[in-house]
Amino acid sequence: MSNNHLLSTNSAPHSDVEEIKRRTNYLRGNLEEALKDPITGAITEDENRLMKFHGSYMQDDRDLRNERNKQKLEPAYQFMLRVRAAGGVVTSEQWLAMDSVARKYGGDTIRLTTRQSFQLHGVIKWNLKKTIREVNDAMLSTLAACGDVNRNVMCNPNPYQSEVHEQVFEWATKISNHLDPQTRAYHEIWLDGEKVADSQEGVEQEPIYGLVYLPRKFKIGIAVPPSNDVDVYSQDLGLIAIVDNENKLQGFNVIVGGGMGMSHGDPKTYPQIAKSIGFCRPEQVIDVAEKIVTIQRDYGDRAVRKHARFKYTIDDRGLEWFKDELTNRLGWKLDEAKPFSFDHNGDRYGWVKGSNGKWHYTLFIQNGRIKDEEGLQLFTGLREIAKLHISDFRLTPNQNLIIGNVSTQKKKKLEELLHTYGMTDGSYYTALRRNSMACVALPTCGLAMAESERYLPSLIEKVEPMLKEIGLLEEDIVVRMTGCPNGCARPMLAELAFIGKAPGKYNMYLGGGFRGERLNKLYKENIGEAEILDSLRPILARYAKERNPGEHFGDFTIRAGYVKETTDGMNFHA
Ligand code: SRM
Ligand code: SF4
């Protein structure tokens, strides 16, 4: 392995996070002691940085901040825990384990994320170890769910839709396993594994990442056309499955340098669409992924974290430079990219029969939130389904859930349970709601500037009468909201998006591609609900009247001149 990254980071300027990584001896640091400290429910900022690699963030309940401050109490510290499974596929037993930890430690709710993971919120420090152990007992993991490493590898969640889906899912799992951190720190800290002797230099504990890991998070997603449910253009490394006429997997088109995060008013930061660099055969894909990760490891910006994502490494040096570097490291050249086409970046709801003869039902889960409420008992209902052990569970990239692999004989039983607990494929909701996605934001996300998950449903409720009046209730329009410009619900790829600016205020974006292939553009800045509704009404009304056959909303808003087309992330702000 090249030691470039170690040499360069020792001498080059680097951020405080790089220092923390270097000091903590392959993710060990003082976490064990910090977890035992009985005086405070918090950990230090340094430990929190390290904790992310273990899949957890310290947060505080922002709804309680002012009140606790007035009472001179420390903030209500708690931890978010992210649990990952490549492609989001888990068994009934694993679902029951997640349900159990959510009931014991996570406030009776589970959050399905935009990257096919689970999140628990509100876990207190003294319960963290127990929670992580129980998650691991179920053969799930929190390691590398966050932190400067490769994150959960996304993939179409229905391996049995066709043989190709099954193979692609297997490749997603292999890539994920190959890029997992190798340090024993996780086992030592959370699972009481045997301690490995200190080994700062010399013994290689991380053959791919090295001592200081990556400069920033790294994300991989695999799409199976015609579905772009994984939003492949948003990934640092996107793979697009190419299938021949006999429905056999030929390999993958490789696209690089996507990403969503930006800061308001800072044009040096921008979302970007991944760009095509060629094609590789299935058996080459792990090598390709590894070499790409090592290029980012060695050349990513370790001084300025805002500029450290892979998209900037590529944009700064150029795609040709990147292709040459990749060819050098691989020792061979990618082939020409092959043709493909996408039709949508959403999920398909309801029943589908798979190539294995079993049934798969996609449930609509608003913003990924699983909890019990009046008339819709998702938390209890899904537990009851899991208890039957007649299915598995697949988290989709749009925060929904597939109950998968149900035999024809058991389908009726499942339908009864769905009905009893009020669960649905969303068909009685409007198409706008079915195509909506919001990030978590308040009260747990420390970076939220405005509400998102708690607000988008009620905003949609106010748009729905308008849609009814103008005849667009069944029109698929992709709408997304986030509480800040980090882009966790990939709003920059939505046809209509709202990105939080301040409490109750959003920037409104139009013109994203229906297939997730084009970034949107700012239409109005810093507007509240009344202005959002006033702005939307005439645009929707014109769309209903003036659209061409089959024309999607995002395309129309560009043709009608509401916004200019964004052709590349670098002109996102223009
Ligand atoms: Fe995210 C940070 C939630 C997907 C871009 N994200 C956060 C944190 C951890 C806030 C923090 O750093 O303190 C949020 C925790 C909120 C909470 O209370 O739960 C958070 N991100 C989420 C989730 C749960 C949103 C959701 O509603 O589902 C998603 C978890 C994914 C997972 O399972 O791994 C989530 N985050 C994304 C995505 C979408 C994706 O990956 O497909 C993006 C945009 C794609 C990208 O990375 O470019 C995304 N999250 C960010 C960023 C901006 C990164 C950047 O390049 O600037 C941050 C902030 C950061 O890293 O400094 C962030
Ligand atoms: Fe938090 Fe912003 Fe991500 Fe929403 S987009 S979860 S507000 S970091």
Side-chain angles (χ1 to χ4, degrees), residues 87-88 113-116 152-158 168 172 219-242 252-262 270-276 311 337 339-349 362 367-368 395-400 431-432 434-439 475-482 485-499 509-521 550-558 563 565-569 571-572:
T113 76
T114 54
R115 288 196 76 77
Q116 304 177 280
N152 201 28
V153 176
M154 291 174 75
C155 164
N156 180 287
N158 191 348
V168 169
K219 298 182 172 180
I220 302 179
I222 315 184
V224 186
S227 172
N228 185 19
D229 54 357
V230 301
D231 267 330
V232 74
Y233 295 103
S234 72
Q235 311 286 339
D236 293 278
L237 165 57
L239 298 164
I240 301 167
I242 302 294
F252 301 95
N253 278 359
V254 182
I255 64 174
V256 291
M260 296 285 99
M262 58 159 183
Y270 50 84
Q272 182 59 288
I273 291 280
K275 308 221 169 59
S276 176
K311 60 184 172 186
F340 66 92
S341 67
F342 286 132
D343 63 9
H344 189 14
N345 63 351
D347 291 334
R348 274 161 195 71
Y349 294 102
T362 306
N367 302 329
L395 282 52
T396 81
N398 288 287
Q399 303 170 320
N400 293 305
L432 185 72
R434 288 199 300 271
N435 285 292
S436 68
M437 195 151 79
C439 74
E475 192 61 37
D476 285 313
I477 298 175
V478 177
V479 57
R480 295 177 179 174
M481 174 177 275
T482 54
N486 281 321
C488 297
R490 303 185 288 272
M492 298 80 173
L493 287 169
E495 299 182 281
L496 168 64
F498 301 97
I499 299 186
Y509 295 79
L510 295 173
F514 182 74
R515 300 168 189 85
E517 80 287 10
R518 182 180 61 232
L519 294 165
N520 50 27
K521 178 111 26 262
E551 186 175 32
H552 289 293
F553 181 69
D555 301 335
F556 172 78
T557 54
I558 294 172
V563 286
E565 178 175 1
T566 304
T567 49
D568 181 86
N571 63 38
F572 179 77

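- For the 3.5 Å distance criterion, the side chains of N571 and T567 qualify, holding a donor opposite an acceptor.
- D229 places no side-chain N or O within 3.5 Å of a backbone atom of N156 that could act as its donor or acceptor partner.
- A side-chain donor-acceptor contact under 3.5 Å links Q116 to the backbone of C155.
- Proximity of a side-chain donor or acceptor of R490 to a complementary backbone N or O of T114 within less than 3.5 Å is detected.
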*Test side chain to side chain contact (heavy atoms under 4.5 Å, CB included) on F252 and V168 and set out the steps.*
CA-CA 10 Å; F252 301 95; V168 169; 4.2 Å; yes
*Checking salt bridge (Lys or Arg N to Asp or Glu O under 4.0 Å) for the pair K219/D231: CA distance, chi angles, key distance, verdict?*
CA-CA 11 Å; K219 298 182 172 180; D231 267 330; over 6 Å; no
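- For the pair A431 and D476, the tightest heavy-atom approach, listed with the atom from each and the gap, is CB-OD1, 3.7 Å.
- For the pair R515 (side chain) and F342 (backbone), a donor-acceptor distance under 3.5 Å is present.
- The backbone N or O of R348 lies less than 3.5 Å from a partner atom in the side chain of T362, making a donor-acceptor pair.
- Of the possible polar contacts, one joining the K311 side chain to the Y270 backbone as a donor-acceptor pair under 3.5 Å is found.
- At distances below 3.5 Å, not a single donor-acceptor pair connects side-chain atoms of N253 with backbone N or O atoms of A337.
- For the residue pair I477 and N435, the shortest heavy atom distance occurs at O-CB, 3.2 Å.
- Side-chain atoms of T566 come within 3.5 Å of backbone N or O of N520 as a donor-acceptor pair.
- Taking CG from L496 and CG from L510, the interatomic distance works out to 6.0 Å, rounded to the nearest 0.5 Å.
- Here the CZ-CG distance, from F514 to D343, works out to 7.5 Å after rounding to the nearest 0.5 Å.
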*Going through the checks in order, is the side chain to side chain contact (heavy atoms under 4.5 Å, CB included) test met by M260 and L519?*
CA-CA 9 Å; M260 296 285 99; L519 294 165; 4.0 Å; yes
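- Taking all atoms of both residues into account, the shortest heavy-atom contact from N228 to A223 is OD1-CB, 4.2 Å.
- Pairing each heavy atom of Q272 with each of G569, the nearest pair is OE1-N, 2.7 Å.
- Looking only at distances, no side-chain donor or acceptor of S227 sits under 3.5 Å from a matching main-chain atom of V224.
- Between R480 and N345, the shortest heavy-atom distance links the atoms NH2-ND2, 3.4 Å.
- Rounded to the nearest 0.5 Å, atoms CD1 (I273) and CD (E517) are 8.0 Å apart.
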*Between R115 and V153, is a side chain to side chain contact (heavy atoms under 4.5 Å, CB included) present by the stated rule, with each step listed?*
CA-CA 8 Å; R115 288 196 76 77; V153 176; over 6 Å; no
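- Here the NE2 atom belonging to H552 is positioned 8.0 Å from the CD atom belonging to E475, to the nearest 0.5 angstrom.
- Contact of the P397 side chain with the D347 side chain is registered, since non-hydrogen atoms from C-beta on lie closer than 4.5 Å.
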*Would you check, one step at a time, whether the test side chain to side chain contact (heavy atoms under 4.5 Å, CB included) holds for I558 with K521?*
CA-CA 10 Å; I558 294 172; K521 178 111 26 262; over 6 Å; no
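- Using a 30° and 60° split on the angle between ring planes, F572 and Y509 fall in the parallel class, below 30°.
- With a 4.5 Å cut-off on side-chain heavy atoms, L237 and V254 count as touching.
- We find the CD-CG distance between E495 and D555 to be 7.0 Å, quoted to the nearest 0.5 Å.
- Between the CD1 atom in I255 and the CD atom in Q235 there is a gap of 8.0 Å [rounded to 0.5 Å].
- Nearest heavy atoms, T482 versus C439: CA-SG, 3.5 Å.
- A heavy-atom distance below 4.5 Å is not found between the side chains of F553 and V478.
- Without hydrogens or angle criteria, Q399 side chain to A438 main chain gives a donor-acceptor distance under 3.5 Å.
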